[in-house]
Amino acid sequence: MTANELIYAGKAKKLFTTDTPDVLWVEYLDQATALNGLKKDTVIGKGQLNNQITSRVFDYLTAKGIKHHFIKQESATEQTIQRLSIIPLEVVVRNVVAGSFAKRFGLEEGAKLAQPIVEFYYKKDELDDPFINDAHVLFLDVATETEIAELKAQALEINQVLIELFNQLGIQLVDFKLEFGRNQAGEIVLGDEISPDTCRLWDKETGDHLDKDVYRREIGGIVSVYEEVLRRLEQLEGEK
Ligand code: 5GP
């Protein structure tokens, strides 16, 4: 299988068609962005790190019975996925107070939440992806009531599996962003990526940030911390 026609060029990924209508080809780029694209840099090696990390995380989800769009890692920077019609929502799950949640409620980062919290953000760059509630999701007609319940249930189930995975890597899963889409059968399926670009990952011993916050907050280098996450995933794989 090979990449054919470019159909989408995003901030960190390019999407191509393949010879199979239901299968798309993804290329991970050496691009880092933050603040909705206002901060942008080329980071050599980032594309292959995110591709390899995401591929391993999706393989882990497969082993745990979670359905998703990922098919196969095709090269260092490329993978194939099932074509989905993407739902324009960012589904964020939080286990620990951090980021925009800490800011919104005037809290220090770091307190563990009694229960995970699922939030929706409307994916619209020109509006800066606003925080929205269930009624807004219905108003915007992006998902039905049943689908909202399904999105929340899947997000919480994925959270449990990811907490367990990262725990084995000595990492606390603070929060993360998921995107979902509908497949040909109309089922809701997990899409996009799961990487240090989309998750907050804190080293359990040192509290060090092993995620994109090193770039957003200018407190470290992306490549070395993403390499550390990949190294721990590979080590876990080697132990099995
Ligand atoms: P926050 O709302 O605190 O900024 O982000 C919560 C979590 O979702 C973080 O793990 C963050 O990485 C992820 N997240 C939220 N919005 C985006 C986004 O637009 N792009 C990426 N890559 N991650 C996001």
Side-chain angles (χ1 to χ4, degrees), residues 8-15 26 28-41 43 46-47 49-51 53-54 57-58 86-113 115-133 136-137 142 151-152 154-156 158-159 161-163 165-166 169 171-181 190-203 207-220 222-223 225-226 229:
Y8 172 78
K11 286 178 249 181
K13 296 189 280 281
K14 280 183 180 170
L15 266 185
V26 189
Y28 280 70
L29 308 174
D30 284 343
Q31 284 293 340
T33 61
L35 307 170
N36 196 15
L38 284 180
K39 183 171 157 72
K40 189 172 172 185
D41 289 283
V43 179
K46 176 175 176 283
L49 285 164
N50 271 352
N51 183 44
I53 292 169
T54 293
V57 173
F58 275 120
I86 290 291
I87 296 169
L89 292 177
E90 294 190 341
V91 181
V92 167
V93 184
R94 300 183 187 273
N95 297 305
V96 175
V97 173
S100 70
F101 186 93
K103 208 167 167 189
R104 179 171 304 122
F105 298 113
L107 300 170
E108 290 280 310
E109 291 194 314
K112 197 168 179 313
L113 298 169
Q115 309 191 39
I117 292 177
V118 180
E119 299 174 342
F120 294 127
Y121 293 80
Y122 184 38
K123 254 178 83 78
K124 205 131 188 103
D125 277 348
E126 57 271 39
L127 299 178
D128 273 346
D129 301 342
F131 179 45
I132 59 172
N133 66 22
H136 298 145
V137 174
V142 294
L151 288 167
K152 289 181 185 171
Q154 283 202 35
L156 289 171
I158 292 162
N159 183 41
V161 174
L162 292 180
I163 286 175
L165 168 64
F166 286 111
L169 308 180
I171 289 172
Q172 181 181 31
L173 177 63
V174 171
D175 54 35
F176 56 97
K177 182 260 300 183
L178 302 173
E179 293 184 25
F180 293 86
L190 175 65
D192 197 44
E193 67 178 281
I194 300 178
S195 73
D197 264 14
T198 61
C199 303
R200 274 200 180 90
L201 306 171
W202 293 354
D203 184 279
D208 285 351
H209 295 262
L210 301 174
D211 57 61
K212 198 160 102 173
D213 276 350
V214 298
Y215 173 74
R216 295 187 186 106
R217 300 177 185 188
E218 299 184 351
I219 52 174
I222 281 195
V223 168
V225 302
Y226 286 28
V229 174

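Predicted model only: the values in this text are computed from it and were never measured. Heavy-atom basis, side chains included; hydrogens, waters and symmetry copies ignored. Counting convention: from 1, in listed order, for ligands and their atoms alike.
- Side-chain N or O atoms of Glu119 include none that pairs as donor or acceptor with a backbone N or O of Val91 at under 3.5 Å.
- Counting the atoms of ligand 1 from 1 in the order shown, those under 4.0 Å from a heavy atom of Thr198 are 10 (O), 12 (O), 13 (C), 22 (N), 23 (N).
- Taking every non-hydrogen atom of Gly99 and a distance limit under 4.0 Å, the qualifying atoms of ligand 1 come out as 3 (O).
- Residue contacts with ligand 1 include Arg216, since one or more of its heavy atoms lies under 4.0 Å from the ligand.
- Among residues two or more places apart in sequence or in another chain, the salt bridge (charged side-chain N to carboxylate O under 4.0 Å, His left out) test is passed with Lys40 by none.
- Side chains of Asn95 and Asn159: a donor on one and an acceptor on the other come within 3.5 Å.
- The closest protein non-hydrogen atom to atom 7 (C) of ligand 1 is Asp175 OD1, 3.4 Å.
- Scanning the protein heavy atoms around atom 1 (P) of ligand 1, the nearest turns out to be Ser100 OG, 3.4 Å.
- Between the side chain of Asn50 and the backbone N or O of Ser195 there is no donor-acceptor pair closer than 3.5 Å.
- Listed by number with element, the atoms of ligand 1 under 4.0 angstrom from any heavy atom of Phe176 are 8 (O), 10 (O).
- Looking at atom 8 (O) of ligand 1, its nearest protein heavy atom turns out to be Lys177 CB, 3.4 Å.
- Ranking protein heavy atoms by distance to atom 16 (N) of ligand 1, first place goes to Glu90 OE1, 3.2 Å.
- Among protein heavy atoms, the minimum distance from atom 22 (N) of ligand 1 is reached at Asp197 O, 2.9 Å.
- Remark: side-chain polar atoms of Asn51 are not paired, donor with acceptor, to backbone N or O of Tyr28 under 3.5 angstrom.
- Side-chain contact, Ser100 with Arg94: a donor N or O sits under 3.5 Å from an acceptor N or O.
- Looking at Asp41 and Tyr215, their side chains do bring a donor and an acceptor atom within 3.5 Å of each other.
- Both tests pass for Arg104 against the ring of Phe131: distance under 6.0 Å to the centre and angle within 45° of the axis.
- Nearest to atom 5 (O) of ligand 1 among the protein's heavy atoms is Arg200 NH1, 3.6 Å.
- With a heavy-atom cut-off of 4.0 Å, Glu179 does not touch ligand 1 at all.
- Contact between Arg94 and ligand 1 is present, with at least one heavy atom of the residue lying under 4.0 Å from the ligand.
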